[in-house]
Structures are given as C-alpha cells and as structure tokens.
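Sequence lines set the chain letters: A, B, ... in the order given, protein chains first and strands last, and positions in each chain run from 1.
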Amino acid sequence: MPLRVYNTLSGTKEEFVPIAPGAVKMYVCGVTVYDYCHIGHARANVVFDVIYRYLRHAGFDVTYVRNYTDIDDKIIRRANEQGLAWDEVAGRFIEEFDKDMASLGLELPTHQPKATEHIAEIIDLVRVLVEKGHAYQAGGDVYFCVEKFDPYLRLSKRSLEEMQAGARIEVDERKRHPMDFALWKEAKPGEPWWESPWGKGRPGWHIECSAMSMKYLGETFDIHGGGKDLIFPHHENEIAQSEAATGKQFVRYWLHNGFVNINAEKMSKSLGNFFTIKEVLEKFDSEVLRFFLLTAHYRSPLDFSDQNLSEAMAGLERIYSALAGIEDAVAGRTPPSVVDVAPDELSEAQRELLDKARTLIDRFREAMDDDFNTALVLGHVFDAVRTVNRVLAEGVKGDAAVAIVTDLRDKLREIGGVLGVFGSEPAEFLDRLKKRKAATLEITEEEILRLIEERTAARKAKDFKCSDEIRDYLLAKDIQLLDSAAGTTWKVK
RNA sequence: GGCGACGUAGCCAAGUGGUAAGGCAGAGGUCUGCAAAACCUUUAUUCAGCGGUUCAAAUCCGCUCGUCGCCUCCA
C-alpha cells in the first residue's frame with residue numbers, strides 16, 4: 001500500500017510520490033529563538049521527527065532541514081527588555097531549544113541552518129524579486145507585491161478581498177497594497193543590520209525560510225511542514241516569494257500539525273495558557289510526554305492536561321511492564337528462529353500471539369501509510385501487549401514460546417524505533433517512573449524496604465493480621481505492595 | 001463580519017459507504033492467606049440533533065445547536 005499524506009494545498013489525502021524516486025527532501029519550520037519552547041513546539045517537532053523516521057523506515061533517503069530563525073523583531077524586543085545583545089538572546093534560546101529537543105529524543109535533522117548565516121542568500125533572493133518586478137523598495141524597506149502573484153492565498157484558500165474585509169492590521173502607507181509584506185527591513189538606530197543594496201537592514205520574517213530551504217533542497221522539494229498556525233501568513237508568503245523568484249512550484253506536499261489545547265483552547269503565548277517543555281518534564285518523564293503526543297493523530301487538536309498525561313503514563317507503563325515481563329521470561333535463553341515454530345505445538349494464547357506478531361509490522365505500516373496514523377499504531381501495540389501478557393501469564397516454557405515472545409519484543413522495538421519510544425531498558429524505565437513518583441512520597445525508600453522485610457517475616461509466621469496492617473499502612477501512603485514467588489516489590493499508586 | 005475545522009462510551013481516542021479498534025476509569029470472575037499485577041468477561045443497538053440520498057450512513061448531502069481555529073506574532 002502506498003504512502004498517502006494529507007496535503008494542505010489540495011485539502012485531500014494524496015499518494016506521496018517524491019520528485020526523485022527513493023529520496024525525500026523535507027523542510028520544517030523551526031522556531032524563532034526568543035523564549036523557551038512550550039508543549040506546542042514539542043508537538044510539532046515530535047510529529048515531524050516521527051515522519052522523518054518513518055520515511056527512512058519506509059526506505060527513503062531523507063534530507064531533513066529544520067531552521068533556526070535567529071533574527072527577528074521579537075528577538076530584538078526581548079533583548080531590549082532584558083538589556084542583552086540580540087545575538088545573546090538568540091544564542092541562548094538556540095541552546096535551550098537543542099536541549100529540549102534532545103530530551104524529547106528527537107533525531108538531528110540533516111541540516112539546521114540559521115537565518116543569520118544565510119544573509120547573502122536572502123539578499124540574492126530579494127534582489128531577484130525586485131528585478132522581476134515582484135517586489136519594490138520603499139525607503140530602506142523592500143516589500144513583496146501580493147497583487148502580482150496570482151496564486152497568492154491558494155494554500156489558506158482565501159482571497160485578497162476576504163482578507164481585507166476582516167483585516168485588523170494597520171496599513172503602512174508605503175505599501176502599495178495593504179497585504180504586501182516585508183522582505184527586507186531597514187534598521188532603526190540601535191538595531192542589528194547587514195549591508196544590502198537597499199541600505200542597512202535585516203531580513204523580514206518568511207524570506208529566510210525560502211532562502212534556506214531552496215539552498216539545501218532545491219527550488220522545488222517534496223515536503224514542507226509546520227504548525228497549522230503557519231499556513232497564513234508564513235507559508236503563504238514563502239510560496240509567494242519562492243515561486244515568484246523561480247517561476248517553479250516551490251513545494252509539492254504541505255503538512256501541518258494540529259494545536260495543543262488547554263481546556264479546548266489553543267495553547268499560545270498571547271493567551272498565556274502555555275506550559276514550557278521544561279515545566280512539564282519536571283512532572284512527567286520525557287518519554288511519557290512523547291508518547292502522549294502520539295496518542296492522537298497529528299492533525300487533530302490534542303488537549304493537554306495532567307489527567308491526560310497521567311493516562312498516557314499508565315498506558316506506557318503497561319507496555320513497558322509487558323516488555324519487562326518478556327525480558328524476565330527469556331533472560332539467558334537463546335530462542336530458535338520464530339519461523340521454525342510449529343503452530344500445532346503451541347497453546348491457544350501462543351498461537352494467537354504468533355498470528356498477531358506475524359501481521360503486526362504490516363498493520364503498523366498500513367496505519368503509518370495512512371497519513372501517519374500513530375494513534376492507530378498504538379492501538380495495534382496495545383492489542384499485541386494484551387496477547388503477549390496472556391502468554392506470559394501461562395508461563396514461557398519451551399523454546400517455541402521463547403521464540404515467539406522474543407519475536408514480538410523485537411517487533412515492538414522496531415515500531416518503537418520509528419515512534420521514538422520503548423527504547424529504554426524496560427526495568428530501567430519502570431524504575432525511573434517509580435523513582436520519580438517516589439520523590440513525592442512522605443516516606444523514604446529505606447523505610448518502605450524495612451517495612452516490607454517486617455511484613456515478610458510476619459507472613460512467614462502466618463501472622464496475617466500484622467502483615468495486612470503493614471500493607472494497609474503503606475497503601476495509605478500510596479505504596480502498593482506486589483507479592484510474587486520471587487519476593488515482594490512495591491510501586492507507587 | 002468573512003473563511004475553515006471539529007462534535008464517537010464517565011474520560012482519552014481510531015474509524016470517510018458494509019454494520020463501532022485500542023487505552024484509562026468502573027463492575028464481575030480466575031489467581032492470591034488476603035491483596036496488587038496479569039488474564040477472562042462486561043461497560044456506545046449507537047456515533048451532537050433533525051431531515052435527505054442509498055439495499056446499506058459515524059462515514060455522503062442539507063439545516064439546526066455547540067465548541068474551536070484562522071483572518072495580527074504564534075508550532
């Protein structure tokens with residue numbers, strides 16, 4: 001089944017056919033570096049990280065470019081507020097961005113260009129637009145002329161008339177048309193500047209993405225991604241600048257991720273209802289956050305709340321518990337190849353697992369091929385987890401059982417490799433969660449272990465009244481004891 | 001005001017014409033000294049409402065209600 005993606009440009013799912021067979025050129029708008037990243041940024045970047053990984057998994061040779069916009073009005077404003085140099089602000093938040101993305105387990109893109117390192121390309125592009133009559137100089141500014149670019153607003157499916165009807169923007173008198181936008185901005189006193197044919201100034205927003213994407217990926221490339229909020233004006237303007245300059249189609253497939261909501265409202269700086277990645281990672285494990293972001297389809301809105309995060313944590317814990325169970329069951333055993341397993345020697349649960357495992361990767365690909373449906377993939381994963389738990393519950397005895405359980409583990413890891421989850425050692429992950437939860441307890445680990453010992457002694461002496469008292473005491477403090485043949489362990493409720 | 005999206009169980013969520021995946025929470029059972037975990041069974045005759053098209057609709061069309069987004073910086 002071919003890969004199908006939802007293309008904002010056509011408004012439908014289309015079969016994905018790259019320009020060059022076997023190779024994908026993809027550009028995703030990064031961030032303007034003037035503040036910490038919030039969960040919305042986390043979503044966008046995780047989503048495209050998964051798309052990047054899946055395209056490679058599907059056999060494509062992917063060139064992935066994600067930029068830093070490190071010169072912009074907001075950076076200058078922030079620098080002035082904090083009494084810092086603009087490039088100090090940019091440098092600092094580039095570092096913070098990198099840290100956040102690393103903690104979310106993102107792979108590095110092929111290129112991560114910075115706007116300020118591509119001023120020459122930007123000026124060249126603006127010059128071409130002026131020469132071709134698509135842009136005009138007004139004082140030290142250069143504006144793009146939207147009326148001369150016929151397909152303008154095709155991506156957002158609007159018209160200039162509609163936009164003006166609802167316009168709330170103040171019109172700059174130097175613009176020929178109110179919707180014209182700046183390609184180059186004259187430097188005001190004290191502002192950063194670069195020398196240009198139009199005097200000292202800096203790039204406008206939008207132009208850096210056109211210049212950098214075309215430099216690294218060519219004048220026409222396959223995929224351009226970003227949050228839905230970038231459709232207008234950012235991506236619309238990128239298309240206008242790029243296509244007016246080259247006369248060629250800029251991008252074939254436009255992919256946009258949905259917002260992260262708080263109480264059904266978009267998380268955004270202006271509403272002030274945002275959580276930074278840092279803040280959330282203080283409360284939840286980074287893999288839990290990443291897993292949560294994949295529980296909904298990337299184009300749907302995703303409601304962020306402690307409860308939803310906790311549910312994601314419970315789900316991920318269930319998966320890791322199964323993986324840990326598999327590790328325990330197969331530890332030190334070398335399984336024969338699963339292809340040698342004879343189905344008629346298996347129990348019913350084992351046969352079911354064999355069947356499920358056999359089709360798991362196909363179902364995974366089918367879901368991902370349908371516009372990267374990670375939520376459906378997780379459904380398949382849970383389905384497999386339930387089946388393997390059944391096998392674990394009846395005991396993994398013969399070689400055949402070891403083989404099929406190991407095979408399933410490998411397949412879950414393969415899927416996890418694309419989603420960027422399930423990569424930790426199961427026991428280590430569960431321990432990590434436990435430690436994190438334990439940090440909020442009003443009882444120390446030493447105390448818990450001492451009480452467990454006491455209880456074990458009581459149980460040995462068949463003093464169940466005493467042992468139950470200890471268990472209930474711990475339970476009141478959110479400690480759940482788990483007895484097994486191997487001894488007693490504990491977890492935080 | 002213009003344009004657009006969405007509304008599936010207590011909660012989260014997949015499903016775009018063939019008779020409602022999956023997770024969390026809940027109930028009952030197996031296991032257990034008792035629990036927990038795990039497993040089994042169970043929880044939407046129904047997909048915001050009302051009409052229409054069709055042999056067949058959560059899926060297509062129309063209207064109504066509700067929520068949200070974009071039109072200004074935003075992932």
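The residues A:Asp285 and A:Lys435 are annotated as not salt-bridged, no charged nitrogen and carboxylate oxygen being separated by less than 4.0 angstrom. A salt bridge is defined here as a Lys NZ or Arg NE, NH1 or NH2 lying under 4.0 Å from an Asp or Glu carboxylate O, and A:Lys465 with A:Glu469 meets this definition. A salt bridge does not link A:Arg390 with A:Glu394: none of the charged nitrogens is closer than 4.0 Å to a carboxylate oxygen. Between A:Lys13 and A:Asp370, at least one side-chain nitrogen of the basic residue sits less than 4.0 Å from a carboxylate oxygen of the acidic one, meeting the salt-bridge criterion. Between A:Lys437 and A:Glu317, at least one side-chain nitrogen of the basic residue sits less than 4.0 Å from a carboxylate oxygen of the acidic one, meeting the salt-bridge criterion. A salt bridge is defined here as a Lys NZ or Arg NE, NH1 or NH2 lying under 4.0 Å from an Asp or Glu carboxylate O, and A:Glu414 with A:Lys411 fails to meet this definition.
Listed in residue order, the members of residues 355-365 of chain A having a heavy atom less than 4.0 Å from RNA chain B come to none. Within residues 458-469 of chain A, the residues that have a heavy atom under 4.0 Å from RNA chain B are, in order of number, A:Arg459, A:Phe464, A:Ser467, A:Asp468.
With a cut-off of 3.5 Å on both Watson-Crick or G-U wobble distances, the partner of B:G69 is given as B:C3. With both pairing distances under 3.5 Å, B:U53 is matched to nothing as a Watson-Crick or G-U wobble pair.
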Where do N or O atoms of nucleotides 3-7 of chain B meet protein N or O atoms at under 3.5 Å, pair by pair?
none

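Note on A:Asn308: every side-chain N or O is 4.0 Å or more away from OP1 and OP2 of B:C11. The side chain of A:Asn389 contributes an N or O atom lying less than 4.0 Å from OP1 or OP2 of B:C39. For B:A14, one of the phosphate oxygens OP1 or OP2 lies less than 4.0 angstrom from a side-chain nitrogen or oxygen of A:Ser300.
Side-chain atoms of A:Tyr216 and A:Asn67 include no donor-acceptor pair closer than 3.5 Å. A:Tyr298 and A:Asp371 are linked by a side-chain donor-acceptor pair at a separation below 3.5 angstrom, with hydrogens and angles left out of the test.
Listed by first and then second residue, the ring pair (Phe, Tyr, Trp, His ring centres under 6.0 Å) pairs involving residues 347-397 of chain A are A:Tyr54-A:Phe364, A:His57-A:Phe364 (not counting sequence neighbours). Screening residues 257-268 of chain A for salt bridge (charged side-chain N to carboxylate O under 4.0 Å, His left out), with sequence neighbours left out, gives A:Asp229-A:Lys266.
Comparing atom distances between the A:Lys491 side chain and each of B:A37, B:A75, B:C68 picks out B:A37 as nearest. For A:Pro233, taking side-chain heavy atoms from C-beta onward, the closest of the listed nucleotides B:U67, B:C73, B:A75 is B:C73.
When the C1' atom of B:C40 is taken as reference, atom CD of A:Glu348 falls 12 Å away, rounded to whole Å. For A:Asp229 and B:C68, the CG to P distance is 17 Å, given to the nearest whole Å. Rounded to a whole Å, the CG atom of A:Leu481 is 16 Å from the P atom of B:C34.
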Report summary line: With sugar-phosphate taken as primed atoms, P, OP1 and OP2 and all else as base, the protein-contact string of nucleotides 19-29 of chain B at under 4.0 Å (heavy atoms; B, S, -) is --BSBB-----
